[in-house]
Amino acid sequence: MAVIIDGKQSASVVTGIVTEAAERLEREAGIRPGLAVIIVGDDPASHAYVGAKGRMAKQCGFNSMQYTLPEATTQDQLESLVAKLNADPAVHGILVQLPLPRHLNSEPVIQMILPEKDVDGLNVVNAGKLAAGDLESGLISCTPAGAMILVKNIHGKDLSGLNAVVIGRSNLFGKPMGLLLLAANATVTMAHSRTKDLASICRQADILVAAVGRPLMVKADWLKPGATVIDVGINRVDAPEKGEGKTRLVGDVDFEACADVAGAITPVPGGVGPMTIAMLMANTVVAAYRSLGRPSPTF
(Lines give C-alpha, C1' and ligand atoms only; values in the text may rest on other atoms or scores of the structure.)
Protein backbone atom coordinates (compact mmCIF):
# COMPACT_ATOMS: atom_id res chain seq x y z
CA MET A 1 0.00 0.00 0.00
CA ALA A 2 1.34 3.43 -0.99
CA VAL A 3 2.25 6.20 1.42
CA ILE A 4 -0.67 8.65 1.32
CA ILE A 5 0.83 12.12 0.84
CA ASP A 6 -0.86 14.51 3.28
CA GLY A 7 -1.22 17.86 1.51
CA LYS A 8 -2.89 19.45 4.52
CA GLN A 9 0.11 18.73 6.74
CA SER A 10 2.60 20.09 4.16
CA ALA A 11 0.40 23.17 3.64
CA SER A 12 0.36 23.86 7.38
CA VAL A 13 4.19 23.82 7.39
CA VAL A 14 4.22 26.40 4.58
CA THR A 15 1.60 28.64 6.20
CA GLY A 16 3.52 28.42 9.48
CA ILE A 17 6.62 29.85 7.76
CA VAL A 18 4.42 32.49 6.07
CA THR A 19 2.78 33.55 9.35
CA GLU A 20 6.13 33.89 11.11
CA ALA A 21 7.55 35.90 8.19
CA ALA A 22 4.50 38.19 8.12
CA GLU A 23 4.78 38.81 11.87
CA ARG A 24 8.48 39.63 11.49
CA LEU A 25 7.79 42.08 8.66
CA GLU A 26 5.13 43.91 10.68
CA ARG A 27 7.34 43.97 13.77
CA GLU A 28 10.47 45.22 12.00
CA ALA A 29 9.05 47.39 9.19
CA GLY A 30 5.48 48.14 10.23
CA ILE A 31 4.20 46.55 7.01
CA ARG A 32 1.53 43.86 6.68
CA PRO A 33 1.55 41.81 3.45
CA GLY A 34 -1.43 42.93 1.37
CA LEU A 35 -3.34 40.48 -0.86
CA ALA A 36 -6.06 41.82 -3.16
CA VAL A 37 -8.42 39.26 -4.72
CA ILE A 38 -10.83 40.30 -7.49
CA ILE A 39 -13.91 38.22 -8.26
CA VAL A 40 -16.42 39.03 -10.99
CA GLY A 41 -19.93 37.55 -11.06
CA ASP A 42 -21.78 34.95 -9.00
CA ASP A 43 -20.12 31.60 -9.72
CA PRO A 44 -20.55 29.61 -6.46
CA ALA A 45 -17.33 27.59 -6.86
CA SER A 46 -15.30 30.76 -7.47
CA HIS A 47 -16.83 32.43 -4.41
CA ALA A 48 -15.98 29.35 -2.30
CA TYR A 49 -12.35 29.47 -3.48
CA VAL A 50 -12.08 33.22 -2.87
CA GLY A 51 -13.59 32.85 0.62
CA ALA A 52 -11.01 30.17 1.48
CA LYS A 53 -8.17 32.38 0.21
CA GLY A 54 -9.42 35.35 2.24
CA ARG A 55 -9.70 33.32 5.43
CA MET A 56 -6.20 31.92 5.01
CA ALA A 57 -4.77 35.39 4.31
CA LYS A 58 -6.25 36.73 7.55
CA GLN A 59 -4.99 33.66 9.42
CA CYS A 60 -1.47 34.40 8.13
CA GLY A 61 -1.69 37.99 9.39
CA PHE A 62 -2.15 39.63 5.99
CA ASN A 63 -4.20 42.64 5.05
CA SER A 64 -6.82 40.73 3.01
CA MET A 65 -8.78 42.75 0.43
CA GLN A 66 -11.64 41.32 -1.61
CA TYR A 67 -13.16 43.17 -4.57
CA THR A 68 -16.50 41.60 -5.57
CA LEU A 69 -17.64 43.00 -8.92
CA PRO A 70 -21.03 42.46 -10.57
CA GLU A 71 -21.50 40.12 -13.54
CA ALA A 72 -22.05 43.16 -15.81
CA THR A 73 -18.57 44.62 -15.09
CA THR A 74 -16.90 45.81 -18.30
CA GLN A 75 -13.35 45.06 -19.47
CA ASP A 76 -12.39 48.70 -18.90
CA GLN A 77 -13.78 48.70 -15.35
CA LEU A 78 -11.89 45.53 -14.46
CA GLU A 79 -8.64 46.76 -15.98
CA SER A 80 -8.95 50.12 -14.23
CA LEU A 81 -9.26 48.34 -10.86
CA VAL A 82 -6.12 46.29 -11.61
CA ALA A 83 -4.28 49.51 -12.54
CA LYS A 84 -5.35 51.09 -9.24
CA LEU A 85 -4.10 48.07 -7.27
CA ASN A 86 -0.83 48.05 -9.25
CA ALA A 87 -0.24 51.61 -8.05
CA ASP A 88 -1.10 50.93 -4.39
CA PRO A 89 2.07 50.27 -2.32
CA ALA A 90 -0.03 48.56 0.39
CA VAL A 91 -0.98 45.83 -2.13
CA HIS A 92 1.79 43.27 -2.59
CA GLY A 93 -0.20 40.56 -4.37
CA ILE A 94 -3.04 40.78 -6.90
CA LEU A 95 -5.13 37.79 -7.91
CA VAL A 96 -8.00 37.76 -10.42
CA GLN A 97 -10.21 34.73 -9.77
CA LEU A 98 -10.70 32.67 -12.93
CA PRO A 99 -12.76 31.90 -14.90
CA LEU A 100 -14.16 35.36 -15.63
CA PRO A 101 -17.65 35.79 -17.11
CA ARG A 102 -17.65 35.03 -20.85
CA HIS A 103 -17.82 38.64 -22.04
CA LEU A 104 -14.50 39.43 -20.33
CA ASN A 105 -11.06 38.59 -21.73
CA SER A 106 -8.82 37.31 -18.95
CA GLU A 107 -5.48 37.37 -20.79
CA PRO A 108 -4.94 41.17 -21.01
CA VAL A 109 -6.06 41.49 -17.37
CA ILE A 110 -3.52 38.90 -16.20
CA GLN A 111 -0.74 40.43 -18.30
CA MET A 112 -1.33 43.95 -16.93
CA ILE A 113 -0.77 42.81 -13.32
CA LEU A 114 2.74 43.94 -12.39
CA PRO A 115 5.04 40.86 -12.47
CA GLU A 116 6.19 41.60 -8.90
CA LYS A 117 2.54 41.51 -7.71
CA ASP A 118 1.51 38.53 -9.89
CA VAL A 119 1.09 36.03 -7.06
CA ASP A 120 -0.63 33.56 -9.42
CA GLY A 121 2.60 33.40 -11.44
CA LEU A 122 0.79 33.76 -14.78
CA ASN A 123 2.36 36.93 -16.19
CA VAL A 124 4.64 36.19 -19.16
CA VAL A 125 7.59 37.74 -17.27
CA ASN A 126 7.22 35.22 -14.43
CA ALA A 127 6.54 32.36 -16.85
CA GLY A 128 9.63 33.38 -18.85
CA LYS A 129 11.87 33.51 -15.80
CA LEU A 130 10.81 29.97 -14.90
CA ALA A 131 11.42 28.79 -18.49
CA ALA A 132 14.90 30.35 -18.35
CA GLY A 133 15.67 28.51 -15.11
CA ASP A 134 15.40 31.57 -12.85
CA LEU A 135 13.58 30.26 -9.78
CA GLU A 136 14.85 33.05 -7.53
CA SER A 137 13.58 36.40 -8.83
CA GLY A 138 10.12 35.59 -10.23
CA LEU A 139 6.88 34.25 -8.75
CA ILE A 140 5.98 30.65 -9.58
CA SER A 141 2.43 29.48 -10.32
CA CYS A 142 0.94 28.26 -7.03
CA THR A 143 -0.31 24.76 -7.88
CA PRO A 144 2.90 23.48 -9.53
CA ALA A 145 4.98 25.13 -6.80
CA GLY A 146 2.90 23.29 -4.18
CA ALA A 147 3.01 19.99 -6.07
CA MET A 148 6.80 20.33 -6.31
CA ILE A 149 7.10 20.63 -2.53
CA LEU A 150 5.18 17.35 -2.20
CA VAL A 151 7.56 15.68 -4.69
CA LYS A 152 10.64 16.99 -2.83
CA ASN A 153 9.23 15.77 0.50
CA ILE A 154 9.40 12.25 -0.95
CA HIS A 155 12.55 12.39 -3.11
CA GLY A 156 14.59 15.33 -1.78
CA LYS A 157 15.60 18.45 -3.71
CA ASP A 158 17.76 16.70 -6.32
CA LEU A 159 15.79 14.46 -8.69
CA SER A 160 18.85 13.35 -10.70
CA GLY A 161 18.35 9.97 -12.35
CA LEU A 162 14.56 10.00 -11.96
CA ASN A 163 12.11 9.93 -14.87
CA ALA A 164 9.13 12.27 -14.50
CA VAL A 165 6.03 12.30 -16.70
CA VAL A 166 3.57 15.19 -16.64
CA ILE A 167 0.20 14.51 -18.28
CA GLY A 168 -1.15 17.89 -19.37
CA ARG A 169 0.50 20.89 -21.02
CA SER A 170 -1.53 23.86 -19.77
CA ASN A 171 0.13 27.21 -19.10
CA LEU A 172 -1.50 27.18 -15.66
CA PHE A 173 -0.03 23.87 -14.51
CA GLY A 174 1.51 21.39 -16.95
CA LYS A 175 4.24 23.55 -18.49
CA PRO A 176 5.46 25.14 -15.22
CA MET A 177 5.37 21.73 -13.49
CA GLY A 178 7.55 20.23 -16.21
CA LEU A 179 10.01 23.12 -15.89
CA LEU A 180 10.21 22.78 -12.10
CA LEU A 181 10.94 19.06 -12.39
CA LEU A 182 13.57 19.81 -15.03
CA ALA A 183 15.17 22.43 -12.77
CA ALA A 184 15.45 19.76 -10.07
CA ASN A 185 17.39 17.54 -12.56
CA ALA A 186 14.61 15.05 -13.38
CA THR A 187 14.37 13.71 -16.93
CA VAL A 188 10.98 15.05 -17.98
CA THR A 189 8.42 13.86 -20.54
CA MET A 190 5.49 16.16 -21.28
CA ALA A 191 2.50 14.01 -22.28
CA HIS A 192 -0.92 15.23 -23.43
CA SER A 193 -4.06 14.36 -25.40
CA ARG A 194 -2.07 13.78 -28.61
CA THR A 195 0.53 11.49 -27.00
CA LYS A 196 0.69 8.06 -28.61
CA ASP A 197 0.39 5.07 -26.23
CA LEU A 198 0.14 7.21 -23.12
CA ALA A 199 -0.02 4.23 -20.75
CA SER A 200 3.40 2.92 -21.85
CA ILE A 201 4.93 6.40 -21.43
CA CYS A 202 3.50 6.60 -17.89
CA ARG A 203 4.91 3.18 -16.99
CA GLN A 204 8.43 4.63 -17.32
CA ALA A 205 7.76 7.32 -14.71
CA ASP A 206 9.33 7.34 -11.26
CA ILE A 207 7.24 10.49 -10.72
CA LEU A 208 3.86 10.72 -12.48
CA VAL A 209 1.91 13.99 -12.38
CA ALA A 210 -1.65 13.93 -13.75
CA ALA A 211 -3.37 17.20 -14.67
CA VAL A 212 -5.84 16.55 -17.48
CA GLY A 213 -9.30 17.00 -15.93
CA ARG A 214 -10.53 13.50 -16.84
CA PRO A 215 -11.85 11.58 -13.82
CA LEU A 216 -10.04 8.36 -12.87
CA MET A 217 -8.17 8.23 -16.21
CA VAL A 218 -4.87 6.91 -14.83
CA LYS A 219 -5.23 3.20 -14.03
CA ALA A 220 -3.08 0.90 -11.89
CA ASP A 221 -1.52 -0.77 -14.94
CA TRP A 222 -0.24 2.64 -16.10
CA LEU A 223 2.11 2.81 -13.11
CA LYS A 224 5.66 1.69 -12.55
CA PRO A 225 5.58 -0.15 -9.20
CA GLY A 226 6.74 2.18 -6.43
CA ALA A 227 6.18 5.38 -8.45
CA THR A 228 5.25 8.67 -6.80
CA VAL A 229 1.87 9.82 -8.12
CA ILE A 230 0.78 13.48 -7.88
CA ASP A 231 -2.90 13.88 -8.80
CA VAL A 232 -3.82 17.46 -9.69
CA GLY A 233 -7.28 16.67 -11.07
CA ILE A 234 -10.44 17.85 -9.31
CA ASN A 235 -13.51 16.31 -10.92
CA ARG A 236 -17.06 16.10 -9.61
CA VAL A 237 -18.79 12.80 -10.46
CA ASP A 238 -22.17 11.31 -9.63
CA ALA A 239 -22.32 9.44 -6.31
CA PRO A 240 -25.65 7.55 -6.23
CA GLU A 241 -24.41 5.61 -3.18
CA LYS A 242 -24.70 8.90 -1.25
CA GLY A 243 -28.26 9.47 -2.38
CA GLU A 244 -30.11 10.80 -5.40
CA GLY A 245 -28.41 13.74 -7.10
CA LYS A 246 -25.34 13.54 -4.85
CA THR A 247 -21.77 13.93 -6.14
CA ARG A 248 -18.21 13.37 -4.93
CA LEU A 249 -14.78 14.70 -5.80
CA VAL A 250 -12.28 12.46 -7.56
CA GLY A 251 -8.94 13.07 -9.21
CA ASP A 252 -7.53 12.13 -12.61
CA VAL A 253 -6.05 9.00 -11.00
CA ASP A 254 -7.99 5.88 -9.98
CA PHE A 255 -6.83 6.27 -6.39
CA GLU A 256 -8.14 3.00 -4.92
CA ALA A 257 -6.49 0.83 -7.57
CA CYS A 258 -3.30 2.88 -7.96
CA ALA A 259 -2.63 3.03 -4.20
CA ASP A 260 -1.81 -0.70 -4.36
CA VAL A 261 0.94 -0.13 -6.95
CA ALA A 262 2.37 3.33 -6.21
CA GLY A 263 5.05 4.05 -3.63
CA ALA A 264 3.41 7.35 -2.66
CA ILE A 265 0.22 9.02 -3.89
CA THR A 266 -1.79 12.18 -3.26
CA PRO A 267 -5.50 11.81 -2.42
CA VAL A 268 -8.28 13.99 -3.85
CA PRO A 269 -9.34 15.96 -1.93
CA GLY A 270 -6.57 16.64 0.62
CA GLY A 271 -3.50 16.34 -1.60
CA VAL A 272 -2.40 19.10 -3.97
CA GLY A 273 -5.43 21.34 -3.27
CA PRO A 274 -4.36 22.65 0.16
CA MET A 275 -0.88 23.36 -1.22
CA THR A 276 -2.27 25.75 -3.85
CA ILE A 277 -3.66 28.19 -1.27
CA ALA A 278 -0.55 27.78 0.92
CA MET A 279 1.72 28.74 -2.00
CA LEU A 280 -0.48 31.75 -2.78
CA MET A 281 0.26 32.95 0.75
CA ALA A 282 3.95 32.14 0.26
CA ASN A 283 4.10 34.17 -2.98
CA THR A 284 2.38 37.11 -1.27
CA VAL A 285 4.81 37.24 1.66
CA VAL A 286 7.76 36.88 -0.74
CA ALA A 287 6.39 39.78 -2.82
CA ALA A 288 6.02 41.91 0.32
CA TYR A 289 9.63 41.26 1.38
CA ARG A 290 10.96 41.99 -2.11
CA SER A 291 9.01 45.28 -2.27
CA LEU A 292 11.12 46.46 0.67
CA GLY A 293 14.38 45.10 -0.72
CA ARG A 294 14.59 42.47 2.03
CA PRO A 295 15.72 38.84 1.56
CA SER A 296 12.52 36.79 1.32
CA PRO A 297 11.78 33.50 3.08
CA THR A 298 12.30 30.26 1.15
CA PHE A 299 9.86 27.34 0.90
Inset, instruction - Taking the side chain as every heavy atom from C-beta outward, state whether Leu81 and Leu69 have any atom pair closer than 4.5 Å. - result: yes
Inset, instruction - Determine, stepwise, if the pair Tyr67 / Val40 fulfils side chain to side chain contact (heavy atoms under 4.5 Å, CB included). - result: CA-CA 8 Å; Tyr67 295 84; Val40 185; over 6 Å; no
Inset, instruction - Could I get the full list of salt bridge (charged side-chain N to carboxylate O under 4.0 Å, His left out) partners for Arg294, not counting sequence neighbours? - result: Glu28
Legend entry - Crowding at CD, Glu136 (>12 non-hydrogen neighbours, <6.0 Å): no
Inset, instruction - Answer whether the closest heavy-atom distance between the side chains of Leu139 and Arg290 falls below 4.5 Å. - result: yes
Legend entry - Heavy-atom closest pair, residues Ser141 and Leu172: OG-O, 3.1 Å
Legend entry - Rounded distance (nearest 0.5 Å) linking atom OG1 of Thr189 with atom CD1 of Ile167: 11.0 Å
Inset, instruction - Taking all non-hydrogen atoms of both residues into account, name the closest pair between Leu85 and Lys117 and its distance. - result: O-NZ, 3.0 Å
Inset, instruction - Report yes or no: do Gln66 and Thr68 form a side-chain donor-acceptor pair below 3.5 Å? - result: yes
Legend entry - Stepwise side-chain hydrogen bond (donor to acceptor under 3.5 Å, both in side chains) check, Asp76 with Thr74: CA-CA 5 Å; Asp76 284 348; Thr74 66; 5.5 Å; no
Inset, instruction - Identify the two heavy atoms, one from Thr19 and one from Cys60, that lie closest to each other, and give their separation to 0.1 Å. - result: OG1-CA, 3.6 Å
Inset, instruction - Give a yes or no answer on whether the side chain of Asp260 reaches the backbone of Met1 with a donor-acceptor pair at less than 3.5 Å. - result: no
Legend entry - Residue among Leu280, Asn283, Val285, Asn63 satisfying side chain to side chain contact (heavy atoms under 4.5 Å, CB included) with Leu35: Leu280
Inset, instruction - Quick one: pull up OG1 in Thr143 and CD1 in Ile230 and give me the separation to the nearest 0.5 Å. - result: 12.5 Å
Inset, instruction - Please assess Ile265 against Phe255 for the test side chain to side chain contact (heavy atoms under 4.5 Å, CB included), listing each intermediate value before the final yes or no. - result: CA-CA 8 Å; Ile265 188 169; Phe255 179 86; 3.6 Å; yes
Legend entry - Minimum heavy-atom distance Pro33-Thr284, with the two atoms named: CB-CG2, 4.3 Å
Legend entry - Student check: side-chain heavy atoms of Ile110 and Leu98 closer than 4.5 Å: yes
Inset, instruction - Drop me the distance from Ser200's OG to Asp221's CG, to the nearest 0.5 angstrom. - result: 11.5 Å
Inset, instruction - Can you establish whether the number of heavy atoms outside Lys58 located under 6.0 Å from its atom NZ is more than 12? - result: no
Inset, instruction - Please list, chain by chain and in numerical order, all residues satisfying salt bridge (charged side-chain N to carboxylate O under 4.0 Å, His left out) with Arg169, sequence neighbours excluded. - result: none
Legend entry - Set of residues satisfying salt bridge (charged side-chain N to carboxylate O under 4.0 Å, His left out) with respect to Glu241, sequence neighbours excluded: Arg248
Legend entry - CD/Gln9: more than 12 non-hydrogen atoms of other groups inside 6.0 Å: no
Inset, instruction - Check whether any side-chain N or O of Ser10 sits under 3.5 Å from a backbone N or O of Gly7 as a donor-acceptor pair, and report yes or no. - result: no
Legend entry - Heavy atoms of other groups near Arg24 CZ, more than 12 under 6.0 Å: yes
Inset, instruction - Report whether Val232 and Leu180 are members of the same hydrophobic cluster (ILVMFWY, side-chain heavy atoms less than 4.5 Å apart, transitive linking). - result: yes
Legend entry - Side-chain heavy atoms of Met281 within contact of Val14, under 4.5 Å: no
Legend entry - Donor-acceptor pair, side chain of Asn185 and main chain of Gly161, under 3.5 angstrom: no
Legend entry - Pro240 side chain near Asp238 side chain, heavy-atom distance below 4.5 Å: yes
Inset, instruction - Check whether any side-chain heavy atom of Val18 sits under 4.5 Å from a side-chain heavy atom of Phe299, and report yes or no. - result: yes
Inset, instruction - Find the distance between CG (Asn235) and CE (Met217) and round it off to the nearest 0.5 Å. - result: 10.0 Å
Legend entry - Interatomic distance, Asp43 atom CG to Glu71 atom CD [nearest 0.5 angstrom]: 9.0 Å
Inset, instruction - Of all the heavy-atom pairs spanning Met279 and Ile149, show the shortest one and how long it is. - result: SD-CD1, 3.6 Å
Legend entry - Residue pair Asn171, Leu122: steps toward the side chain to side chain contact (heavy atoms under 4.5 Å, CB included) verdict: CA-CA 8 Å; Asn171 292 335; Leu122 298 178; 6.0 Å; no
Legend entry - Shared hydrophobic cluster for Ile94 and Met56 (ILVMFWY, side-chain gaps under 4.5 Å): no
Legend entry - Distance in Å, Leu292 CG paired with Leu25 CG, rounded so as to fall on 0.5 Å steps: 5.5 Å
Inset, instruction - Ignoring hydrogens and angles, tell me if any N or O in the side chain of His92 forms a donor-acceptor pair with the backbone of Tyr289 under 3.5 Å. - result: no
Legend entry - ILVMFWY cluster, Val166 and Ile207 together (side-chain gap under 4.5 Å): yes
Legend entry - Backbone of Tyr49 reached by a side-chain donor or acceptor of Gln97 within 3.5 Å: no
Legend entry - Asn123 (side chain) donor-acceptor with Ile113 (main chain) under 3.5 angstrom: yes
Inset, instruction - Look at the side-chain heavy atoms of Ile, Leu, Val, Met, Phe, Trp and Tyr, link any pair under 4.5 Å apart, and say whether Val119 and Val91 land in one connected group. - result: no
Inset, instruction - Please answer whether the main-chain N or O of Asn105 pairs with a side-chain N or O of Gln75 as donor and acceptor at a distance below 3.5 Å. - result: yes
Legend entry - Any donor-acceptor pair under 3.5 Å from Ser170 side chain to Phe173 backbone: yes
Legend entry - Given Leu135, Asp120, Asn126, the one that forms side chain to side chain contact (heavy atoms under 4.5 Å, CB included) with Ile140: Leu135
Inset, instruction - Verify, without hydrogens or angle tests, whether Asp231 (side chain) and Val253 (backbone) share a donor-acceptor contact under 3.5 angstrom. - result: yes
Inset, instruction - Could you tell me whether the side chain of His192 and the main chain of Val212 form a donor-acceptor pair under 3.5 Å? - result: no
Inset, instruction - Using the side chain to side chain contact (heavy atoms under 4.5 Å, CB included) rule, take Val109 and Val82 through it: C-alpha gap first, then chi angles, then the decisive distance, then the call. - result: CA-CA 8 Å; Val109 177; Val82 172; 3.9 Å; yes
Inset, instruction - Could you check if a side-chain atom of Thr266 sits within less than 4.5 angstrom of a side-chain atom of Asp6, using non-hydrogen atoms only? - result: no
Legend entry - Smallest separation among heavy atoms of Phe62 and Arg32, with atom names: O-NH2, 3.4 Å
Inset, instruction - Check the hydrophobic clustering (I, L, V, M, F, W, Y; side-chain heavy atoms under 4.5 Å; chains of links allowed) and say if Met190 and Leu162 are grouped together. - result: yes
Inset, instruction - May I ask you to test the Val261-Cys258 pair for a side-chain heavy-atom distance under 4.5 Å? - result: no
Inset, instruction - Going by the side chain to side chain contact (heavy atoms under 4.5 Å, CB included) test, name the single residue among Leu95, Ile38, Val37 that passes it with Val50. - result: Val37
Inset, instruction - Please say whether more than 12 non-hydrogen atoms of neighbouring residues, nucleotides or ligands are located less than 6.0 Å from CD in Glu20. - result: no
